[in-house]
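Any value given below was found using the heavy atoms of this structure, including those in side chains, with hydrogens, waters and symmetry copies removed. What you are looking at is a predicted structure, and each value in this text was computed from that prediction instead of being measured. Lettering follows sequence order; numbering is per chain, from 1.
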Protein chains: 2
Amino acid sequence: MTMQPFRTAALSIAALVGLSLPVLAADGLAPRDEPAKTLPVPDTVSPELQAVIAQPLHDGWNTPPTTPDGWRDLAAKLEAGLGPQVAPMAERLRVDIRPDTIDGVKVYRVTPRDLPPANAHRLLVHVHGGCYVLNPRLAALPEAVMMAGIARMPVIAVDYRMPPEAYFPAALDDAETVYKAAIATVPPANVGVFGSSAGGALTLETVLRAKRDALPMPGAIAPGTPMSDATKRGDSFRTNALVDNVLVSPDGFCHAATLFYAQGHDLADPMLSPVYGDLHGFPPTMLTTGTRDLLLSNTVRVQQKLHEAGVEADLQVFEGMAHAQFYRDDRIPEDRLAFEQLAGFFDRHLGR
Amino acid sequence: MTMQPFRTAALSIAALVGLSLPVLAADGLAPRDEPAKTLPVPDTVSPELQAVIAQPLHDGWNTPPTTPDGWRDLAAKLEAGLGPQVAPMAERLRVDIRPDTIDGVKVYRVTPRDLPPANAHRLLVHVHGGCYVLNPRLAALPEAVMMAGIARMPVIAVDYRMPPEAYFPAALDDAETVYKAAIATVPPANVGVFGSSAGGALTLETVLRAKRDALPMPGAIAPGTPMSDATKRGDSFRTNALVDNVLVSPDGFCHAATLFYAQGHDLADPMLSPVYGDLHGFPPTMLTTGTRDLLLSNTVRVQQKLHEAGVEADLQVFEGMAHAQFYRDDRIPEDRLAFEQLAGFFDRHLGR
């Protein structure tokens with residue numbers, strides 16, 4: 001609101017109190033000391049979303065598995081909770097789910113029961129989240145079901161290989177395989193790619209791969225709160241640490257999972273940190289995040305990079321939401337609004 | 001990244017440690033305890049923006065004036081710092097500035113020296129920020145100069161009446177007067193309205209007034225980080241308190257200034273808190289904010305309300321920026337990018 005002339009910043013020692021995060025201060029610039037706070041659940045969101053925001057910090061956020069079997073067990077445990085929610089959601093949204101295989105890659109075909117003729121020659125490829133290690137099989141599907149049901153477009157959800165069965169870049173190989181099949185089925189301009197968190201990163205990585213391999217671009221993409229920087233750079237890794245109740249901390253289970261997937265590969269490789277890729281020539285992109293999202297910065301950094309590259313990059317940010325809570329449940333009004341906006345975005349940008 | 005079933009939130013006493021903010025918890029829902037942190041200046045922004053982020057908390061943020069003369073003195077002091085920066089900025093951006101009066105309202109005509117013929121019949125109305133009380137005369141102009149210079153469109157900057165000369169709704173009356181003159185000069189579809197902070201609120205309020213008075217809508221508007229809720233609701237009032245180095249706190253000087261302007265008027269009136277207005281029928285809107293902005297929530301809440309009303313609402317969010325730092329200086333790369341995007345937005349949406 002006011003404009004102050006630049007001041008010489010006082011030199012100060014950056015020290016994190018109460019958190020063991022790496023200090024990545026710009027050289028010689030004073031950090032900000034933020035006091036401890038108690039953050040009420042905001043009264044500016046729906047009661048349904050308030051219940052999500054009020055959930056305690058993700059159980060086990062700082063005690064990730066340390067063995068391949070441990071990761072497999074965690075994935076199975078989460079799947080046991082998530083999987084049974086998929087069929088009722090598909091029923092509510094009038095969507096059919098059929099497992100299939102495309103060129104050796106396991107997928108689910110998620111199709112609206114009432115497919116509008118205008119969408120019959122459109123195809124959305126979905127790449128699920130879960131830190132590259134979690135959400136196999138049915139657990140991959142809530143976001144795909146919400147999109148198919150609300151956008152009323154056919155979706156192919158990629159159930160890509162994950163550790164400990166297969167490591168980097170297996171997930172990306174599988175996503176690219178399905179993308180190639182999609183653009184062989186309908187015109188590339190009719191194809192959209194979407195997914196959130198690791199799925200948001202994989203969406204961006206798939207387009208980078210397509211560029212590398214001289215494949216046609218999709219008509220539009222929608223990476224939700226992408227894990228765009230696996231090196232833990234990004235201001236909201238600090239500002240929203242222990243505020244976001246899903247990822248909680250840059251040193252939590254999600255980073256451990258990413259390391260397990262990467263198996264020593266350079267985390268700054270754009271195929272793991274797509275914010276460092278060359279985003280010129282990308283199709284119109286729509287990003288989604290929330291004000292309490294640990295990856296708020298890594299979402300808006302992608303928007304800035306796309307804008308610098310001359311790419312149309314829409315963004316929706318939801319009040320009070322932590323990481324990827326916009327596809328938690330189709331009965332949350334804000335989640336529904338998110339997908340209505342994504343549906344409109346794909347409808348404006350995809351060919352027919 | 002994972003989807004958890006709803007949990008019953010444990011009841012907990014909301015108590016703010018280190019901050020004397022009102023606790024507006026949703027009934028019976030557990031608040032989040034955020035520990036004290038030291039936030040390094042992010043290394044993910046330009047060195048120029050790092051210098052802005054590293055500035056200490058706004059001097060005097062918690063010691064606002066308490067008398068009319070005190071406010072006048074503060075406005076004069078800030079103007080003395082800001083005013084001299086305007087002419088060099090106008091020179092760099094090749095913009096001419098000419099004071100004028102429109103139907104009794106003081107304005108500046110801010111005009112690109114090389115006006116592209118395509119923009120000759122377009123007109124942007126600018127409403128400056130400053131908590132309704134600050135930034136008179138030349139201090140009103142940096143944002144208008146950046147827009148005129150980068151969008152290369154003619155701008156009329158409204159130097160609206162402010163306390164202690166005139167109180168609510170004088171600023172809005174003046175903005176509406178100039179808007180009426182603008183739509184009498186060129187077709188309304190060729191007119192844009194923009195401004196940030198209080199100017200973002202006034203932008204939204206002017207459109208609400210135009211609706212009330214059955215005036216034609218402008219072609220597009222760009223409220224930057226609008227003071228859309230003067231009642232202090234909005235999650236980032238808490239999460240970004242003492243993180244944002246400009247506004248610092250919902251209980252700081254800006255709220256005191258708003259109270260001085262409102263003179264006891266209901267702060268929830270949409271003419272002071274436009275997020276509570278009926279936004280149906282609004283023109284395409286582009287919002288701008290930053291991840292450390294105290295008004296991050298009050299910006300994204302406007303986007304959500306616009307989306308619910310079926311209005312196109314673009315949003316750009318800048319990494320690490322506090323309140324309204326996107327028009328701090330045209331030599332900051334991120335600030336330039338912000339205006340290039342705003343320029344493209346107006347160019348896409350305004351008639352010719």
Side-chain angles (χ1 to χ4, degrees), chain A residues 1-3 5-7 9 14-19 23-26 29-44 50-51 54-55 78 81-82 129-131 134 142 197 233-236 238-239 242-243 291 296-297 300-301 307 314-315 317 319-320 323-324 328 337 341, chain B residues 1-3 5-7 9 14-19 23-26 29-44 50-51 54-55 78 81-82 129-131 134 142 197 233-236 238-239 242-243 254 291 296-297 300-301 307 315 317 319-320 323-324 328 337 341:
Chain A
M1 63 88 242
T2 62
M3 182 162 155
F6 289 0
R7 301 182 193 169
L16 279 158
V17 179
L19 276 176
V23 175
L24 296 171
L29 294 177
R32 177 98 58 252
D33 289 315
E34 183 184 10
K37 300 174 183 173
T38 295
L39 304 171
V41 174
D43 63 352
T44 42
Q50 287 179 348
Q55 288 172 359
L78 294 173
L82 256 183
C131 312
L134 306 172
S197 193
R233 292 174 76 215
D235 197 39
S236 67
R238 274 92 207 154
T239 55
L242 296 161
V243 174
T291 62
L296 173 63
S297 286
V300 307
R301 288 171 65 203
H307 281 166
D314 293 357
L315 171 65
V317 181
E319 164 77 336
H323 185 62
R328 190 62 70 95
L337 181 63
Q341 292 300 316
Chain B
M1 65 90 240
T2 63
M3 182 162 156
F6 290 359
R7 299 183 193 169
L16 280 157
V17 180
L19 276 176
V23 174
L24 297 172
L29 294 177
R32 178 98 57 253
D33 289 314
E34 183 185 9
K37 301 174 183 173
T38 296
L39 304 170
V41 174
D43 63 351
T44 42
Q50 288 179 346
Q55 289 173 358
L78 294 172
L82 256 183
C131 311
L134 305 172
S197 192
R233 292 174 76 217
D235 196 41
S236 67
R238 274 92 208 154
T239 55
L242 295 161
V243 174
C254 201
T291 62
L296 172 63
S297 287
V300 308
R301 288 171 66 205
H307 281 166
L315 171 65
V317 180
E319 163 77 336
H323 185 62
R328 191 61 70 93
L337 180 63
Q341 293 300 317

So for B:Leu315, is it side chain, backbone, both, or neither that comes closer than 4.5 Å to the heavy atoms of chain A?
both
Measure distances from B:Arg301 to the heavy atoms of chain A and classify the residue's part below 4.5 Å as side chain, backbone, both or neither.
side chain
Nearest heavy-atom contact between B:Arg233 and A:Asp43 is NH2-O, 2.7 Å
If you take all heavy atoms of B:Leu29 and A:Gln50, which pair is closest and at what distance?
CD1-CB, 3.6 Å
Are any side-chain N or O atoms of B:Arg238 and backbone N or O atoms of A:Pro40, one a donor and one an acceptor, separated by less than 3.5 Å?
no
Is chain A contacted by the side chain of B:Glu319, its backbone, both, or neither, given a heavy-atom distance below 4.5 Å?
both
Run the side-chain hydrogen bond (donor to acceptor under 3.5 Å, both in side chains) test against A:Thr239 and tell me which residues pass, sequence neighbours left out.
none
Please rank A:Gln341, A:Arg32, A:Glu34 by heavy-atom pairs under 4.5 Å with chain B and give me the top one.
A:Arg32
For A:Thr291, what residues pass the side-chain hydrogen bond (donor to acceptor under 3.5 Å, both in side chains) criterion, not counting sequence neighbours?
none
Could you grab the distance from atom CG of B:Asp235 to atom CG of A:Leu39, nearest 0.5 Å is fine?
6.5 Å
Nearest non-hydrogen partners of B:Ala30 and A:Val41, listed with the distance:
O-CG2, 3.3 Å
Identify the heavy atoms of A:Pro35 and B:Leu242 that sit nearest to each other, and give their distance.
CG-CD1, 3.5 Å
